[in-house]
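The figures here come from the full heavy-atom set of this structure, side chains too, leaving out hydrogens, waters and symmetry mates. Since the model is a prediction, treat every value here as computed from it, not as a measurement. Each chain gets a letter, A, B and so on, in the order the sequences are listed, and its residues count up from 1.
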Protein chains: 2
Amino acid sequence: MTVKGMEPRISDYTVRRLSIYYRILEEIERNGIEVVSSAALAEYAGTNSAQIRKDLSYFGNFGKRGRGYRVSVLKSEIKSILGLQRKWKVVLAGAGNLGHALNSYKDFARHGFEIVAIFDSDPGKIGGTWDGVAIHDIRDCQMIIERTGAELAILAIPGPSAQGAFESLRAGGIRAFLNFAPRKIEIDPQVHLRNVDITIELEGLTYALHSSRT
Amino acid sequence: MTVKGMEPRISDYTVRRLSIYYRILEEIERNGIEVVSSAALAEYAGTNSAQIRKDLSYFGNFGKRGRGYRVSVLKSEIKSILGLQRKWKVVLAGAGNLGHALNSYKDFARHGFEIVAIFDSDPGKIGGTWDGVAIHDIRDCQMIIERTGAELAILAIPGPSAQGAFESLRAGGIRAFLNFAPRKIEIDPQVHLRNVDITIELEGLTYALHSSRT
DNA sequence: CGCTGTGAATGTATTCACAGCG
DNA sequence: CGCTGTGAATACATTCACAGCG
């Protein structure tokens, strides 16, 4: 909670690790552990204690010297840093196989994410429902976004449609996108975008196998 | 092709970008472009020309000064660097929704990846077939891996089963894993692992929205 | 004492800037 | 000339190491 004078920009690396720490804290709290040191947390997270203390120090002083961190306190601090104290509504673009898998992904709800609408352009799918979530024409997205109050979008569509879907959703006011399409999306500076490209990850693995083999 | 005396270790960042360059080269070649400069490629890739020249310089001298890079040459060099000159066989652990989506993901085949077997532990699924790919008991994976010659595995299973599935597949000889389960997998040094955690990506977005003005 | 919080040191990735070849 | 290839410079991320508080 301590607000520092001139905070540095927080890197994605740090933010990603905070999510990991958060997961661990949830788990060890379930196991009844009440206090944890940076060294113990580092052990679980697969990093080192200095990394953890440094990451946390960007946001405040959450520990007690000589003691460690109170799990409940640190967990709720990180929850608040990540903006997870409230629920987030998500729209899903793409009623294909990947969209279907994501729509039924149980972990979203557990982490406070709710898929409130699905968009597609296929008339055969529009009007349908998956697990109680309606599939709408992407051309109506502006209205639906407004009505539902969604703030995040997941793009789970083929590459060629990705930019167009992005632009529709952007026009509807969405500013944060998780893109599964294997395409570079051109964004404006107000937009936050993360890409997940499965083929690129696999190619990272083939590179490793190929180059380490003598 | 020039082999240097003492190569530095290539970072994942560089390898990831090589995949991106490769994609772009495929596309511009389809568009009939035969020569490309690092500046032009950087424009497509959303980076800068020095980054591209540096990335490529770790592997050889593929360009011509004053001219640029011949698209066909650079493409095939990167293909070879990434180990994509041959096909790779992949097994999929997890016959759930995500597994189903991945099994029908068309881009895999386009990029030389073939899913040759699916593993699960649910007797209701074992014995079935998806798009001609058989679903086997994970306890039989060692035999199936040997028979198919698979070298990569995708873990598309719930968190609690991930470590166990990893160990079965590892015992079967797989050394490269793409893990979608939201769990840290404990690996041995011979193993290459990449993680894709959808919730962590979404939390990166909520952090950005939450912190960039509330 | 034990462990946090943090400046300083180190390690790594990116970008600059220019020599040198086509 | 134009653009590559690359050492040097810079920016950034991680780790060290220890002062200082509980």
Side-chain angles (χ1 to χ4, degrees), chain A residues 1-21 25 28 33-71 73-75 77-78 81 204 207, chain B residues 1-21 25 28 33-71 73-75 77-78 81 204 207:
Chain A
M1 281 296 288
T2 309
V3 178
K4 312 294 205 49
M6 197 52 205
E7 300 278 347
R9 280 288 179 303
I10 306 304
S11 79
D12 273 3
Y13 302 103
T14 290
V15 176
R16 223 178 219 101
R17 283 189 299 263
L18 289 178
S19 284
I20 293 170
Y21 305 157
L25 291 166
I28 67 180
I33 295 171
E34 296 191 346
V35 173
V36 69
S37 67
S38 59
L41 198 49
E43 170 77 13
Y44 291 113
T47 180
N48 65 64
S49 63
Q51 180 78 82
I52 288 181
R53 294 197 303 276
K54 178 67 82 178
D55 285 339
L56 296 175
S57 76
Y58 296 132
F59 299 97
N61 298 2
F62 307 130
K64 295 217 194 319
R65 291 170 197 249
R67 273 280 175 200
Y69 303 85
R70 181 151 280 274
V71 172
V73 170
L74 187 55
K75 181 170 141 272
E77 290 288 355
I78 295 178
I81 291 164
Y207 169 78
Chain B
M1 281 296 291
T2 309
V3 178
K4 310 295 202 48
M6 198 52 207
E7 300 280 347
R9 279 293 181 301
I10 306 304
S11 78
D12 274 1
Y13 303 102
T14 290
V15 175
R16 219 176 223 105
R17 282 190 300 264
L18 289 178
S19 284
I20 292 170
Y21 306 157
L25 292 166
I28 68 180
I33 294 171
E34 296 191 347
V35 174
V36 69
S37 67
S38 59
L41 199 49
E43 171 77 12
Y44 291 114
T47 180
N48 64 65
S49 62
Q51 179 79 82
I52 288 182
R53 295 197 302 279
K54 178 68 80 178
D55 284 340
L56 296 174
S57 76
Y58 297 131
F59 300 97
N61 298 2
F62 307 130
K64 293 212 194 324
R65 290 169 197 251
R67 274 278 176 202
Y69 302 85
R70 180 151 280 276
V71 172
V73 170
L74 187 55
K75 183 170 138 275
E77 290 288 356
I78 294 177
I81 291 164
Y207 169 78

Go through [options] for me and flag the one nearest to the [X] side chain.
{"X": "Tyr13(B)", "options": "dA13(C), dT15(D), dT15(C)", "value": "dA13(C)"}
{"X": "Ser11(B)", "options": "dA13(C), dA19(C), dA13(D)", "value": "dA13(C)"}
{"X": "Ser57(A)", "options": "dT6(C), dT14(C), dT15(D)", "value": "dT6(C)"}
{"X": "Arg65(A)", "options": "dT14(C), dG22(C), dG5(C)", "value": "dG5(C)"}
{"X": "Ala50(A)", "options": "dC3(D), dT6(D), dT15(D)", "value": "dT15(D)"}
{"X": "Arg53(B)", "options": "dC18(D), dG22(D), dA17(C)", "value": "dA17(C)"}
{"X": "Lys54(A)", "options": "dT15(D), dT4(C), dG20(C)", "value": "dT15(D)"}

To the nearest angstrom, how far is [X] atom [atom1] from [N] atom [atom2]?
{"X": "Asp12(A)", "N": "dC12(D)", "atom1": "CG", "atom2": "P", "answer": "13 Å"}
{"X": "Leu41(B)", "N": "dG2(D)", "atom1": "CG", "atom2": "C1'", "answer": "17 Å"}
{"X": "Glu43(B)", "N": "dC3(D)", "atom1": "CD", "atom2": "P", "answer": "14 Å"}
{"X": "Asn48(B)", "N": "dA17(C)", "atom1": "CG", "atom2": "C1'", "answer": "13 Å"}
{"X": "Leu56(A)", "N": "dT14(D)", "atom1": "CG", "atom2": "P", "answer": "14 Å"}
{"X": "Asn61(A)", "N": "dG22(D)", "atom1": "CG", "atom2": "P", "answer": "11 Å"}
{"X": "Ile10(B)", "N": "dT14(C)", "atom1": "CD1", "atom2": "C1'", "answer": "15 Å"}

If you compare every side-chain N and O of [X] against the phosphate oxygens of [N] (OP1, OP2), does one of them come in below 4.0 Å?
{"X": "Ser38(B)", "N": "dC3(D)", "answer": "no"}
{"X": "Arg17(B)", "N": "dT14(C)", "answer": "yes"}
{"X": "Tyr58(A)", "N": "dA13(D)", "answer": "no"}
{"X": "Tyr69(B)", "N": "dG5(D)", "answer": "yes"}

Base-pairing mate for dA19(D) - Watson-Crick or G-U, with both contacts under 3.5 Å: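 dA19(D) is paired with dT4(C).
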
Complementary nucleotide for dA9(D) - Watson-Crick or wobble, under 3.5 Å: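 Pairing partner, where one exists within any strand: dT14(C).
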
Sugar-phosphate only, base, or nothing, as touched by Arg67(B) at under 4.0 Å among non-hydrogen atoms: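 Sugar-phosphate only.
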
Criterion side chain to side chain contact (heavy atoms under 4.5 Å, CB included) against Leu56(A), the qualifying member of Asn61(A), Thr14(A), Leu18(A):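 Testing Leu56(A) for a side chain to side chain contact (heavy atoms under 4.5 Å, CB included) against Asn61(A), Thr14(A), Leu18(A) leaves exactly one candidate, Leu18(A).
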
Atom pair [atom1] ([X]) and [atom2] ([Y]), whose distance is rounded to the nearest 0.5 Å:
{"X": "Ile78(B)", "Y": "Phe59(B)", "atom1": "CD1", "atom2": "CZ", "result": "9.0 Å"}
{"X": "Asp55(B)", "Y": "Thr47(B)", "atom1": "CG", "atom2": "OG1", "result": "7.5 Å"}
{"X": "Tyr21(A)", "Y": "Gln51(A)", "atom1": "OH", "atom2": "CD", "result": "5.0 Å"}

Heavy-atom closest pair, residues Val35(A) and Val71(A):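 Heavy atoms of Val35(A) and Val71(A) come nearest at N-CG2, 3.8 Å.
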
Working for side chain to side chain contact (heavy atoms under 4.5 Å, CB included), residues Ile81(B) and Val15(B): CA-CA 9 Å; Ile81(B) 291 164; Val15(B) 175; over 6 Å; no

Residue met sooner reading DNA chain D from 5', once Gln51(A) and Asp55(B) are mapped to nucleotides: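 By nearest-heavy-atom nucleotide position, the 5'-most residue is Asp55(B).
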
